[in-house]
Amino acid sequence: PSYNIIARINPKLSDRIALFAHYDSRLIAEKDKDVSKQGLPILGAVDGAGGVAGLIEIARQLKENPAGIGVDFVFFDAEDQGEEARLESWCLGSQHWSQNPDKDKEKPKFGILMDLVGAAGSVYGKEEISFKMAQLLQENVWQLARSMGKSDLFVNLPVGPITDDHYYVNLYAKIPTIDIIATKPTGQFGDYHHTHGDTIEALDKSILASVVQVVTAVVYKTSDGSFKY
């Protein structure tokens, strides 16, 4: 069984944005160098928990410092249980959510997905699906990050297409959504990915904090009208 978890701040406001992460972690470690451990589930400190921690911190900030905008927090399940040869077997939670909208709820005007957030030694380039489906949003977020002195993390580097939750949110829900996802400067995932090295030691709390600060700024600046989309 799989379950998406959804929380809404200021549910009565029609002016809304959405923040996404997946909270499941991979049930196998097919990339682990130790073959005997490849069939065991990983902890997923980066791949899952980093984005979840980021959303929880943003929610905490909004509780202490309310904003005049609605924010939907969506934690997807069954994102990371797919098979390499079957793209449709990934991102099951976002596929379901995107194809089954709550017609009684106002649709967010844009969304931001945080995945593989906070990995040590990582950077955040401009992922290709985000660029093609929500280019203006991507550029404005990266520009905001530069203005906050974080251009060393939010780099002007094209990253190839990554079939992640944002793809289905764009495709089915028609909500312009970008993916803030960590890669090496080469565009490849870190060595921790889908291995038992994905522990808290794989995280860099300063990088995680920087990403959360940028997304938090998007929320508050959208609320006061200074972040345009």
Side-chain angles (χ1 to χ4, degrees), residues 1-9 11 16-28 41-42 44-56 58-59 70-119 124-135 137-138 141 159-183 189 193-194 198 211-212 215 218-219 229:
S2 301
Y3 304 91
N4 293 328
I5 299 173
I6 302 168
R8 308 179 84 235
I9 289 180
R16 315 195 63 76
I17 64 174
L19 303 178
F20 305 105
H22 75 88
Y23 75 93
D24 64 315
S25 56
R26 184 92 168 136
L27 294 179
I28 59 174
I42 67 172
V46 175
D47 195 0
V52 170
L55 294 197
I56 290 173
I58 294 169
V71 184
D72 294 345
F73 292 85
V74 185
F75 301 86
F76 293 125
D77 199 358
E79 185 268 358
D80 213 8
Q81 312 311 325
E83 302 172 20
E84 196 66 34
R86 297 174 56 238
L87 284 180
E88 73 279 3
S89 65
W90 301 86
C91 305
L92 299 184
S94 57
Q95 289 190 58
H96 176 82
W97 183 86
S98 300
Q99 294 181 79
N100 295 274
D102 190 334
K103 296 180 180 178
D104 295 329
K105 302 290 192 300
E106 194 75 24
K107 186 167 76 172
K109 61 184 180 181
F110 68 80
I112 296 176
L113 169 65
M114 294 196 292
D115 197 3
L116 309 186
V117 176
Y124 300 86
K126 294 180 175 178
E127 185 272 334
E128 186 175 325
I129 292 174
S130 304
F131 179 81
K132 288 182 176 178
M133 304 183 89
Q135 181 179 356
L137 175 61
Q138 185 185 65
V141 170
V159 173
I162 299 172
T163 303
D164 206 347
D165 290 314
H166 69 307
Y167 172 68
Y168 297 103
V169 175
N170 278 290
L171 181 66
Y172 295 128
K174 307 299 182 185
I175 299 170
T177 299
I178 62 169
D179 194 4
I180 299 178
I181 185 165
T183 65
F189 295 138
H193 189 247
H194 291 185
D198 191 359
V211 176
V212 173
V215 178
V218 171
V219 174
Y229 178 72

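Please read all numbers here as calculations on a predicted model, not as lab measurements.
- Put simply, the side chain of Ser98 never gets that close to the backbone of Ala173: no donor and acceptor are under 3.5 Å apart.
- The ring of Tyr23 has its center no closer than 6.0 angstrom to the ring center of Phe75.
- Contact annotation: the side chain of Trp97 approaches that of Val169 to within less than 4.5 Å [non-hydrogen atoms, C-beta and beyond].
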Evaluation steps, side chain to side chain contact (heavy atoms under 4.5 Å, CB included), between Met114 and Val211: CA-CA 9 Å; Met114 294 196 292; Val211 176; 3.9 Å; yes
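- Nearest approach of Ser25 to Gly44, heavy atoms of both residues: CB-CA, 4.0 Å.
- Here the closest heavy-atom approach between residue Val46 and residue Asp198 is recorded as N-OD1, 2.7 Å.
- Minimum interatomic distance between Asp179 and Ser130 (heavy atoms only, all atoms of both residues): N-OG, 2.9 Å.
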For the pair Glu127 and His166, evaluate side chain to side chain contact (heavy atoms under 4.5 Å, CB included) and give the outcome as yes or no after the intermediate values. CA-CA 11 Å; Glu127 185 272 334; His166 69 307; 2.9 Å; yes
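- When the options Asn4, Asp115, Asp165 are evaluated for a side chain to side chain donor-acceptor pair (under 3.5 Å) with His22, the one that passes is Asp115.
- One distance of note links CG of Leu137 with NZ of Lys109; it measures 10.5 Å at 0.5 Å rounding.
- Contact of the Ile129 side chain with the Ile162 side chain is not registered, since no non-hydrogen atoms from C-beta on lie closer than 4.5 Å.
- The number of heavy atoms from other shown groups lying within 6.0 Å of OH (Tyr167) does not exceed 12.
- Residues Asp80 and His194 bring a donor and an acceptor atom of their side chains to less than 3.5 Å of each other.
- The OH atom of Tyr172 sits 4.5 Å away from the CD atom of Gln99 when rounded to the nearest 0.5 Å.
- Ring geometry for Phe20 against Phe76 counts as parallel: the plane angle stays under 30°, on a 0 to 90° scale with 60° as the upper cut.
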Please lay out, stage by stage, how Tyr124 and Val159 fare under the test side chain to side chain contact (heavy atoms under 4.5 Å, CB included). CA-CA 9 Å; Tyr124 300 86; Val159 173; over 6 Å; no
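- Remark: of the listed residues Asp164, Leu92, Leu113, Asp164 is the sole one forming a side chain to side chain contact (heavy atoms under 4.5 Å, CB included) with Glu79.
- Between the Ser2 side chain and the Asp77 main chain, no donor and acceptor come within less than 3.5 Å of each other.
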Applying side chain to side chain contact (heavy atoms under 4.5 Å, CB included) to Ile6 and Lys105, what does each step give before you reach the verdict? CA-CA 12 Å; Ile6 302 168; Lys105 302 290 192 300; over 6 Å; no
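- One distance of note links CZ of Phe110 with CD1 of Ile175; it measures 11.5 Å at 0.5 Å rounding.
- The aromatic rings of His193 and Phe189 are tilted relative to each other, their planes meeting at an angle between 30° and 60°.
- What you find for Tyr168 and Glu88 is that their closest heavy atoms are OH-CA, 4.2 Å.
- Side chain of Gln95 to backbone of Trp90: a donor-acceptor contact under 3.5 angstrom is found.
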